[in-house]
Protein chains: 2
Amino acid sequence: MNLERLANLLGMSKTTVSRALNGYPEVSERTRERVLQAARDNGYQANPMARSLALGRSNVFGIIYPLQPADLGDAMFLDVVAGMSAALEQEGKSLIIAPVSQAAELATYQQFVRGRRVDGLIVSRTQVQDERIAFLSKARFPFIAHGRTEHHAPYAWFDYDNAAGIGLAMQRLLGLGHRRLGLISAPLLLNFARQRKDAFVAAMADAGLALDTRYLIADTLDRRSGYQAMQQLLACQSRPTAVIVDNHLSGVGAVRALLDAGVRIGEEISVIVWGRMEDTLAGIAVSTIDQPDAARAGARMVQMLQALVEGTPAASLQELWQPALIEGATLGPPAS
Amino acid sequence: MNLERLANLLGMSKTTVSRALNGYPEVSERTRERVLQAARDNGYQANPMARSLALGRSNVFGIIYPLQPADLGDAMFLDVVAGMSAALEQEGKSLIIAPVSQAAELATYQQFVRGRRVDGLIVSRTQVQDERIAFLSKARFPFIAHGRTEHHAPYAWFDYDNAAGIGLAMQRLLGLGHRRLGLISAPLLLNFARQRKDAFVAAMADAGLALDTRYLIADTLDRRSGYQAMQQLLACQSRPTAVIVDNHLSGVGAVRALLDAGVRIGEEISVIVWGRMEDTLAGIAVSTIDQPDAARAGARMVQMLQALVEGTPAASLQELWQPALIEGATLGPPAS
DNA sequence: CTGAAAGCGCTAACAC
DNA sequence: GTGTTAGCGCTTTCAG
């Protein structure tokens with residue numbers, strides 16, 4: 001069933017039917033009713049291809065998703081995506097995720113831009129230097145960076161305050177009297193990891209504490225590597241008395257490592273993990289730096305993206321949300 | 001840059017340029033060269049909307065993905081998806097995942113079918129009674145069921161042999177002398193869970209063993225519920241001496257529960273989990289029923305889907321792969 | 001081998 | 001209020 005057939009069926013012109021369907025005001029109530037009824041009866045739905053072609057936009061937004069890093073597996077990411085699609089559904093728009101091999105990532109961005117297959121993109125997991133953002137900026141294609149990056153021109157982004165989050169954690173740990181602090185980081189190419197580490201280093205300096213580089217471990221982004229990182233810290237001559245883990249998958253591994261090593265968490269070692277912790281950690285309430293409202297954040301991002309598409313300048317679409325420190329049972333004064 | 005402009009630039013007609021670009025034979029070599037060169041130079045790429053509209057197909061395949069169940073978080077699923085997109089990339093086609101709220105799932109199927117936004121769909125995580133499959137079948141829309149379902153008419157599906165996998169596990173456990181066997185199942189609405197449980201029950205009967213319903217626990221699909229399920233089994237008067245877990249996320253939780261309870265795995269209790277086990281289980285090699293070649297399976301499924309689109313009858317597109325038992329260090333004869 | 005023209009299904013000026 | 005007509009950018013008869 002297409003517009004023309006539906007129009008003939010009703011004895012009207014395509015125009016009128018189209019107008020009635022799209023809620024234009026200049027159509028009589030009676031006509032509109034009849035059209036809507038007929039559309040329902042015949043299961044009519046506008047062909048999105050044709051519609052997009054005529055309109056120049058698709059009402060579809062996208063995320064290009066390189067498979068491999070285990071972060072579709074990341075529950076936080078899923079919550080955000082859920083928020084996005086729920087928000088879009090309400091407006092009759094939609095979200096698509098294009099899973100691609102890592103090698104094809106940038107090429108896919110180019111395809112999407114040239115082909116205008118979507119009205120805008122969300123760029124997740126930003127890197128310190130991010131060629132995707134450089135590309136989209138240059139192409140003047142609408143996008144929201146989910147996380148900041150180093151880029152001279154203004155661009156639209158949404159992020160949580162990495163420095164503030166680490167600040168909260170450090171303040172608490174230093175307040176408890178810790179002096180030997182460790183940090184387990186994701187790869188430092190990732191912007192959030194970089195910023196969190198910088199904030200850590202800055203806080204140490206502010207506190208007049210020397211940095212022990214043995215306590216700084218990077219490149220952990222999953223359970224296994226988080227587990228190993230904590231083992232490495234435990235093996236140090238004089239262990240750190242408190243450890244911050246900058247991502248929650250590593251956090252699960254790290255806490256697991258403490259449990260398996262029989263370390264009394266919160267007594268021998270204090271731990272704070274960035275990100276909500278998952279189920280089953282033997283019932284331990286891990287202290288976390290939480291990014292509240294993941295779903296709302298997702299909704300906000302698509303809202304920003306739509307504003308961008310409609311012409312709002314990117315410079316005014318930059319939003320920084322505050323994380324919160326949620327105290328669990330993994331904090332205490334240093335042991336010795 | 002669009003076709004017309006490119007054609008004008010070259011002083012040719014749109015037709016010729018289109019033909020050259022699409023590899024039609026009736027165009028002279030010299031012309032083709034010039035066209036391809038110009039296309040590259042000007043970064044020309046056909047507008048996919050227009051192309052799809054004219055052609056009646058998009059070369060895009062889809063997966064509609066209800067968010068909530070934590071299975072985008074499922075590493076196995078990701079491996080399969082990776083295989084799919086890699087296979088499609090090679091042919092210049094692509095895969096999209098449409099994440100939707102659970103409430104909107106069926107409506108989205110209808111949209112996709114009516115709008116012909118994709119040439120075909122993969123339906124994952126099939127249920128025993130699956131309305132999505134009923135709908136697609138009736139609408140005669142091309143799809144591959146990833147997992148079987150109860151459906152009278154022939155439909156195209158890809159699956160691993162659930163009965164055979166459980167058979168392997170049971171044979172091994174019974175061979176070791178186990179008589180009190182437990183099964184931790186996903187929700188039995190899911191087809192794989194149903195089939196695996198049926199196979200379990202059948203194997204018990206074949207062995208002349210009575211079924212202890214306390215040992216049958218269902219509705220576990222994540223770490224937490226798997227953990228609880230195992231705790232429940234451990235609390236039984238006379239514990240089972242061997243347990244099969246029918247999905248790997250629950251398996252992680254279940255093994256974790258054993259570790260936390262101080263149960264010696266492989267001695268006090270033997271365990272087999274369906275699905276590859278993740279990292280960090282304190283170095284334990286869990287015995288698994290493995291579905292080998294996830295990526296190849298994904299590739300095969302899109303291949304089947306393309307065949308279907310091109311007219312191969314669904315009845316001849318049904319493929320059953322065999323799982324394998326991979327022995328780890330979690331098996332032994334019953335304790336008592 | 002190349003081009004003119006029709007058509008995919010829809011929207012949007014521009015009349016009436 | 002409603003209809004006519006001209007596109008959106010591409011492919012594909014049908015002529016030459």
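Within every chain, numbering begins at 1; the chains are lettered A, B, ... in the order of the sequence lines, protein sequences first and strands thereafter. Model, not experiment: these values are computed from the prediction.
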- Item | Short side-chain N/O contact from S18(A) to OP1 or OP2 of dC10(C), under 4.0 Å | no
- What is the nucleic acid contact for L55(B), judged by heavy atoms within less than 4.0 Å: base, sugar-phosphate only, or nothing? sugar-phosphate
- Message: Is Y24(B) close enough to dT12(D) that one of its side-chain N or O atoms is under 4.0 Å from OP1 or OP2 there?
- Response: yes
- Taking the nucleotide of DNA chain C with the closest heavy atom to each, which residue, E29(B) or L53(B), is nearer the 5' end? E29(B)
- Could you state the atom-to-atom distance from CG of N2(B) to C1' of dC8(D) in whole Å? 10 Å
- Measure the distance from CG on L21(B) to P on dG9(D) and round it to the nearest whole Å. 16 Å
- Check the distance between dA6(C)'s P and L3(B)'s CG and give it to me in whole angstrom. 18 Å
- Phosphate OP1/OP2 of dG9(D): any N47(B) side-chain N/O under 4.0 Å: no
- Shortest side-chain distance from T16(B), nucleotide among dG7(C), dT2(C), dC10(C): dT2(C)
- Among dA5(C), dC10(C), dG3(D), the one nearest T15(B) by side-chain distance: dA5(C)
- Note on the structure: In whole angstroms, the gap separating P of dG3(D) from CG of L10(A) amounts to 10 Å
- Query: Within the pair Y44(A) and dC10(C), is there a side-chain N or O less than 4.0 Å away from OP1 or OP2?
  - Reply: yes
- Out of dT4(D), dT11(C), dT2(C), which has the shortest distance to the side chain of E26(B)? dT2(C)
- Item | N/O donor-acceptor pair, side chain R5(A) with base dG9(C), under 3.5 angstrom | no
- Task: For the residue pair E4(A) and N8(A), confirm or rule out a side-chain donor-acceptor distance under 3.5 Å.
- Result: no
- Query: Which nucleotide sits closest to the side chain of S13(A): dG3(D), dG9(D), dT11(C)?
  - Reply: dG3(D)
- Note on the structure: Closest to the side chain of R51(B), out of dT2(D), dC8(C), dC10(D), is dC10(D)
- Query: Do T15(A) and S18(A) meet the criterion of a side-chain donor-acceptor pair at a distance under 3.5 Å?
  - Reply: no
- Whole-Å distance between dT11(D) P and E4(B) CD? 13 Å
- Item | K14(A) NZ - dG7(D) C1' separation (whole Å) | 11 Å
- Nearest listed nucleotide, side chain of N22(B), among dC10(C), dT11(D), dG9(D): dT11(D)
- Mark yes or no for a side-chain to base donor-acceptor pair under 3.5 Å between R30(A) and dG1(D), with no hydrogen or angle criteria applied. no
- Task: Take atom CZ of R19(A) and atom P of dG3(D), then tell me their distance rounded to the nearest Å.
- Result: 9 Å
- NA contact type, S28(A), heavy-atom cut-off 4.0 Å: base, sugar-phosphate, or nothing? sugar-phosphate
- Looking at the side chain of T31(B), which of dT11(C), dC1(C), dG3(D) is the nearest nucleotide? dC1(C)
- Per atom distances to the A50(B) side chain, the nearest of dT12(D), dG9(D), dC10(C) is dG9(D)
- Query: When you check the gap from the basic side-chain N to the acidic O, do E33(A) and R30(A) get nearer than 4.0 Å?
  - Reply: no
- Query: Thinking salt bridges, do R57(B) and D119(B) make one under a 4.0 Å N-O criterion?
  - Reply: no
- Item | Nearest-nucleotide 5' precedence on DNA chain D, V17(A) against A54(B) | V17(A)
- Query: Can you find a side-chain donor-acceptor pair between Q37(A) and R40(A) that sits under 3.5 Å?
  - Reply: yes
- Would you tell me whether Q127(B) and E150(B) have side-chain atoms, one donor and one acceptor, within less than 3.5 Å of each other? no
- dG9(D) P sits how many Å from R57(A) CZ, rounded? 15 Å
